[in-house]
Amino acid sequence: MATILSVSGSPSATSRTARLLRHLDDRLRAHGHDVIPFDVRTLPPEALLHADFRHTAIVEATALFERADGIVIGTPVYKAAYSGLLKSLLDLLPQYALAGKTVLPLATGGTTAHVLAIDYALRPVLNSMGPAHITPGWFTLDKDITVGDDGTLTVSPGAAEALAQVTDQFSLALGGRPTLLAATG
Ligand SMILES: Cc1cc2nc3c(=O)[nH]c(=O)nc-3n(C[C@H](O)[C@H](O)[C@H](O)COP(=O)(O)O)c2cc1C
């Protein structure tokens, strides 16, 4: 099965995007994949802000991208596009860091006015990095993701169904087991 790097580009410590990705990571594992969770916000800010390509943390992050067969890129929509934090990492990766890889783009946002941010903002940047395949992505409204006091994540049924579909399509493109799983919200 494939090695998947699951990258959250949210700067928030209580990120819905990151929680959503970690939830989908479990689904990908159930399909037989090896999933590595990665939050860009854990990288040293000075390395990102000063474009320090040689910083150990950036070298290690680059190696994680190299190792992966598939990459989930999740971002909150900020100002009608992806987050600056995500871009600060993408800018430090080699031009063709996604060569040969299958990519699943995901976004969370506050308004359906920006539902196309994945297609008009994120997808062109990812395409410029040479992926073999970008599978259909999904934009999830923040109000459809709730976190209980005990940390339990709930995704509203419509969003959960759509996310299950795009995740399974990504998994199949990577040779995942076609396990029948319910859309868990
Ligand atoms: C600085 C900032 C800018 C935002 N800009 C937009 C926007 O342009 N369009 C939108 O739909 N949501 C926007 N949002 C809402 C977030 O995308 C949304 O709440 C998202 O789920 C936050 O994800 P996170 O919890 O992972 O950080 C913005 C939020 C912040 C904090």
Side-chain angles (χ1 to χ4, degrees), residues 4-29 35-51 57-58 61 64-65 68 70-93 98 103-129 134-167 169-170 183-185:
I4 295 171
L5 184 65
S6 176
V7 181
S8 166
S10 172
S12 164
T14 56
S15 167
R16 284 191 170 92
T17 310
R19 286 175 195 267
L20 184 65
L21 258 59
R22 302 298 78 96
H23 178 69
L24 298 176
D25 291 351
D26 291 338
R27 190 175 184 91
L28 290 166
R29 288 192 187 100
V35 183
I36 303 166
F38 184 70
D39 292 332
V40 182
R41 69 184 300 280
T42 62
L43 291 172
E46 69 277 10
L48 294 171
L49 286 176
H50 299 164
I58 301 300
L64 286 176
F65 275 79
I71 302 192
V72 180
I73 299 274
T75 180
V77 175
Y78 275 8
K79 301 287 188 286
Y82 43 77
S83 71
L85 179 68
L86 175 62
K87 186 65 159 55
S88 69
L89 173 63
L90 295 180
D91 288 350
L92 293 185
L93 296 176
L98 299 180
V103 180
L104 170 61
L106 298 174
T108 71
T111 164
T112 51
H114 293 148
V115 71
L116 290 177
I118 286 181
D119 291 319
Y120 65 63
L122 183 57
R123 197 176 278 271
V125 176
L126 299 177
N127 255 322
S128 78
M129 298 173 73
I134 302 181
T135 59
W138 193 256
F139 170 96
T140 307
L141 275 173
D142 53 9
K143 71 174 178 55
D144 287 336
I145 307 164
T146 47
V147 183
D149 291 341
D150 60 351
T152 318
L153 183 93
T154 307
V155 183
S156 69
E161 180 64 35
L163 284 162
Q165 258 183 43
V166 296
T167 304
Q169 210 170 332
F170 170 70
T184 49

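Each ligand, and each atom within it, is numbered from 1 in the order the structure gives. The first residue of the sequence shown is numbered 1, and numbering continues consecutively from there.
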Quiz item: For atom 25 (O) of ligand 1, what is the nearest protein heavy atom, given as residue, atom name and distance?
Solution: Arg16 N, 2.9 Å
Quiz prompt | Sub-4.0 Å atoms of ligand 1 with respect to non-hydrogen atoms of Asp142 | solution = 18 (C), 19 (O), 21 (O)
Self-check item: Derivation and outcome, side chain to side chain contact (heavy atoms under 4.5 Å, CB included), residues Leu28 and Phe170
Solution: CA-CA 9 Å; Leu28 290 166; Phe170 170 70; 3.9 Å; yes
Self-check item: Proximity winner for atom 26 (O) of ligand 1, if only heavy atoms of Ala81, Ser15, Pro11, Gly110 are counted
Solution: Ser15
Self-check item: Test item: Asp150 side-chain N/O and Thr152 main-chain N/O as donor-acceptor pair under 3.5 Å
Solution: yes
Self-check item: Derivation of the side chain to side chain contact (heavy atoms under 4.5 Å, CB included) call for Leu126 and Tyr82
Solution: CA-CA 11 Å; Leu126 299 177; Tyr82 43 77; over 6 Å; no
Quiz prompt | Proximal atoms of ligand 1 relative to Ala80 (non-hydrogen, under 4.0 Å) | solution = 7 (C), 8 (O)
Quiz item: Near Ser10, which atoms of ligand 1 are under 4.0 Å from a heavy atom of that residue?
Solution: 24 (P), 26 (O), 27 (O)
Quiz item: Which residue owns the protein heavy atom closest to atom 22 (C) of ligand 1, what's the atom, and how far is it?
Solution: Pro76 CB, 3.7 Å
Practice problem: Kindly write out the residues that satisfy side-chain contact (heavy atoms from CB on, under 4.5 Å) with Asp142, not counting sequence neighbours, or none if the list is empty. | Solution: Arg16
Practice problem: Quick one: look at His114 and ligand 1, take heavy-atom pairs under 4.0 Å, and tell me if it's side chain, backbone, both or neither. | Solution: side chain
Quiz item: For Phe139 and ligand 1, does the shortest N/O to N/O distance drop below 3.5 Å?
Solution: no
Listing, residues 5-13 side-chain donor-acceptor contacts under 3.5 Å, not counting sequence neighbours, or none:
residue : atom : partner : partner atom : Å
Ser6    : OG   : Arg22   : NH2          : 2.8
Ser6    : OG   : Asp25   : OD1          : 2.7
Ser8    : OG   : Ser10   : N            : 3.3
Ser10   : OG   : Ser12   : N            : 3.0
Ser10   : OG   : Ser15   : OG           : 3.3
Ser12   : OG   : Thr14   : N            : 3.1
Ser12   : OG   : Thr14   : OG1          : 3.4
Ser12   : OG   : Ser15   : N            : 3.3

Exercise. Return the residue, atom name and 0.1 Å-rounded distance of the protein heavy atom closest to atom 5 (N) of ligand 1.
Key: Lys79 N, 3.1 Å
Quiz prompt | Per-atom contacts, ligand 1 versus Thr111 - under 4.0 Å to a heavy atom | solution = 9 (N), 10 (C), 11 (O)
Self-check item: Distance from atom 20 (C) of ligand 1 to nearest protein heavy atom, with residue and atom
Solution: Thr108 OG1, 3.2 Å
Practice problem: Could you tell me whether a side-chain N or O of Tyr78 sits under 3.5 Å from a main-chain N or O of Leu85, the two making a donor and an acceptor? | Solution: no
Exercise. Without swapping roles, check the side chain of Ser83 against the backbone of Leu86 for a donor-acceptor pair under 3.5 Å.
Key: yes
Quiz prompt | Ile134 and Leu98: CA distance, side-chain angles, deciding distance, side chain to side chain contact (heavy atoms under 4.5 Å, CB included) verdict | solution = CA-CA 10 Å; Ile134 302 181; Leu98 299 180; over 6 Å; no
Quiz prompt | Per-atom contacts, ligand 1 versus Gly109 - under 4.0 Å to a heavy atom | solution = 11 (O), 12 (N), 17 (O), 18 (C), 21 (O)
Practice problem: Number the atoms of ligand 1 from 1 as they appear, then name those within less than 4.0 Å of a heavy atom of Ser12, with their elements. | Solution: 27 (O)
Quiz item: Can you find an N or O of Tyr78 that's nearer than 3.5 Å to an N or O of ligand 1?
Solution: no
Quiz item: Would you say Val77 and ligand 1 have an N/O pair spaced under 3.5 Å apart?
Solution: yes
